[in-house]
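Below, all heavy atoms of this structure are taken into account, side chains as well, without hydrogens, waters or symmetry copies.
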Amino acid sequence: MRLNIISIALCAASLCRAEIDPRNFDTSVRPQDDFYQYAVGTWLKNSTIPSDHDSWGSAYQVNDRNQAILHDIVEKAEAAKDPGFIEKLVGDLYYSGMDEATVASAGVTPLKPEFDRIAAIQSPSDLPAEVGRLQRIGVGVCLVFGSEQDPKDSAMVIAGMGQGGLGLPDRDYYLRDDDASKKLRDKYVAHVGRMLVLAGDSPADAQAEAKSVMSLETALAKGSKSASDLRDPVANYHKMALADLGKLSPHFDWSPFFASVGLGAPASLDVGQPEFVQALDAQVAGAPIADWRAYLRWHLIHDNARFLSDPFVNENFSFFGTALYGVPVMRGRSKRVISLIDESVGEALGQLYVAQAFPPEAKARMLALVLNIKAALRERIEHLEWMDEPTRAAALKKLDAMGVKIGYPDKWIDYSTLVIDRGPYVLNILRANEFATKRDLAKIGKPTDRTEWQMTPPTVNAYYDPPMNEIVFPAGFLQPPFFDATVDDAVNYGAVGAIIGHEMTHGFDDEGRQFDSKGNLADWWTPESAKRFKERAAGIIRQFGAYVGAGGVHVNGELTQGENIADLGGLKLSFAALTKALGDGPQPKIGGFTPQQRFFLSFANDWREKQRPESEQVQMNTDPHAPSRFRVNGPLSNLDEFAAAFNVPEGAPMRRSAADRVSIW
């Protein structure tokens, strides 16, 4: 449900506003033929992806400015003579991450107690406790486990588990038979072997262990659902008693797992993918215990490689940076450490960021935009010709109940029990992980805390949360070029306005529409309205499934349908809100363009992006977001409003035929 803006770039001072830059245009292309190329073609031609990035685009301006602010914050915190608790927490973690000499001399030694625990495993009965131990310190072995809002009782938090435990990005990387996938798997096995050698294994042992890891992970992948199938919330909800979990997995004793992870045995839990639990159980029963030791050892190294000495960092990057995403050069150390601080103690860092970068008046201006676009969605729902009255009433009830969070939490995470010092970097990270696990599991069995956030304040992203029925915009995102009070309404509505509408529409996309006004997984649609929605959604699936990206890979129309529905709806809603804001008076041109044209140019410019082919292929294999060029041209080719703004004739590439044109929200 997230916007999926990826991070970090260089920002020229002249670009740090949301104004439309005509130097980006490619006027050799007509808007009616390829609007994305017309709006940003010259920028695409002249821009170069920095060597330490997999992609490059306008969103990176925002993250770069945030990085500069955060760098100043952490350096001041590190050097402070009499810091407060939050400054000391952030400063000490930054110091330990930047202390290259200590990290280098320690090597993998700080992980020795964990290696010893794994080495002590002698039988399958020993596995559950160690799996729980590793989960507790943030190592993602075997499955995903934690707290979740009960999808059918969103007021309460329950335990939940689901498929996981893979080293490659998605289960399909293990299952595809094409040559490229086979070569990547060979590279992965070689990488696992090299990492195990760095950890002290002999080359021969490491090679054999790496093959065992691949075998075990492939078995888990075969028991996993596809990314598309995971989008169905009904099919991925299986609340059951603990005894029933035991029947699914008779060879995995859950009592020592729960005790080791730090949780009393729950009375019930949501098992998202029961078939995966059965596949895991089969491997517990059938795979040699030596294979399990290799698997656990590998994941301990893999999940902590970024915090170890340079040989581990470099080997990790050689595969997951270069081989997988095509990035030739690693980011500088300070940027990597700051990112890890945000991951580990993001609300501590966020408090310092907000005080410096997000004034109260910005929150007020953003809220006004949200309310205007919410009013546009209300009007759309009230007049939808395909929705019947009972469904319409329920949809309006859900919209009225939709929450809005802007900038930063009203209540910050209390880090007072977390110990961070200037000792080994990896041990600080493990303690931060254990703190996060303990805090997460403590929610189980308690009422939902609706003040919590899923993203940190400096994050350049936004999201809609179905069980919370809320849209959330971190302060880090609410910066130019997405949000800028110094430019005309058309530019702001085309930029942040379209994203506000995007997130609101997620409440009514293929997945979000299955949750009611309280965030419960409940069917509030009449059969006829549901049928009409699915017919329209099928048009989106067909449209985007026909687009072909890097390496000849088709966009997965099923996987991306929610984001594509949200893009289309977000544009329509924000344009309607702009139309109302402009009123009936004269609308002067700016830079030779009408407000309506500037709206669409602003939208396209905010999605300008260059991406390495390897990175795009990973995105198309795993990500519910289509590549940027399709996210611009795809929805625009459905919009009558766009066709009117640029006089796009019937039959032009940017004007889909009337029979194929999609309109949902």
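Here Phe575 and Phe600 bring their ring centres to under 6.0 angstrom of each other. In this structure, Tyr425 has its ring center under 6.0 Å from that of Phe307.
For Asp414 and Arg439, the salt-bridge test fails: no basic side-chain N is under 4.0 Å from an acidic carboxylate O. Looking at Arg422 and Asp92, a side-chain N of the basic residue comes within less than 4.0 Å of a carboxylate O on the acidic one, giving a salt bridge. Salt-bridge check for Asp52 with Arg336: failed, with every basic side-chain N at 4.0 Å or more from each acidic carboxylate O. No salt bridge links Arg513 with Asp509; every basic N to acidic carboxylate O contact stays at or beyond 4.0 Å. Under the 4.0 Å criterion applied to side-chain N and carboxylate O atoms, Glu379 and Lys580 are assigned as salt-bridge partners. Using a 4.0 Å cut-off between charged side-chain N and carboxylate O, Lys443 and Asp449 make no salt bridge. Between Lys518 and Asp516, no side-chain nitrogen of the basic residue sits less than 4.0 Å from a carboxylate oxygen of the acidic one, so the salt-bridge criterion is not met. Ionic pairing of Lys610 and Glu616 is not present here: no N-O contact between side-chain nitrogen and carboxylate oxygen is shorter than 4.0 angstrom. Ion pairing between a basic and an acidic side chain is recognised when a charged N comes within 4.0 Å of a carboxylate O; Asp567 and Arg631 show such pairing.
When all heavy atoms are compared, the tightest approach of Asn316 to His302 is OD1-ND1, 4.1 Å. Considering all non-hydrogen atoms of both residues, Val327 and Ser51 come closest at CG1-O, 3.5 Å. Nearest approach of Pro481 to Val62, heavy atoms of both residues: CD-CG2, 3.4 Å. Across all non-hydrogen atoms, the minimal contact from Met455 to Tyr463 is SD-CD2, 3.5 Å.
Contact of the Val157 side chain with the Asp150 side chain is not registered, since no non-hydrogen atoms from C-beta on lie closer than 4.5 Å. Side-chain atoms of Gln135 and Thr437, non-hydrogen and from C-beta on, never get closer than 4.5 Å to each other. When side chains are defined from C-beta on, Glu511 counts as touching Pro233, because their heavy atoms get closer than 4.5 Å. Under the 4.5 Å side-chain criterion, counting only non-hydrogen atoms from C-beta, Glu563 is in contact with His502. No side-chain heavy atom of Val139 sits under 4.5 Å from any side-chain heavy atom of Asn433. Under the 4.5 Å side-chain criterion, counting only non-hydrogen atoms from C-beta, Asp465 is not in contact with Val472. A 4.5 Å side-chain heavy-atom check between Ile444 and Leu441 finds at least one atom pair inside the cut-off.
Ring geometry for Tyr408 against Trp412 counts as parallel: the plane angle stays under 30°, on a 0 to 90° scale with 60° as the upper cut.
In this structure, Lys398 forms a cation-pi arrangement with Phe508, its terminal cationic atom sitting closer than 6.0 Å to the ring centre and no more than 45° off the ring axis. Taking the centre and axis of the six-membered ring of Trp665, the NZ or CZ atom of Arg380 falls outside the cone set by 45° and 6.0 Å. Judged by a 6.0 Å distance limit and a 45° cone about the ring axis, Arg629 is not positioned over the six-membered ring of Tyr36.
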Practice prompt. Could you walk me through whether Ile158 and Glu148 pass side-chain contact (heavy atoms from CB on, under 4.5 Å), step by step?
Written response: CA-CA 6 Å; Ile158 60 173; Glu148 65 174 53; 3.9 Å; yes
Worksheet item: Could you go step by step and tell me if Asp421 and Arg431 meet the salt bridge (charged side-chain N to carboxylate O under 4.0 Å, His left out) rule?
Response: CA-CA 10 Å; Asp421 56 30; Arg431 286 195 294 270; 3.3 Å; yes
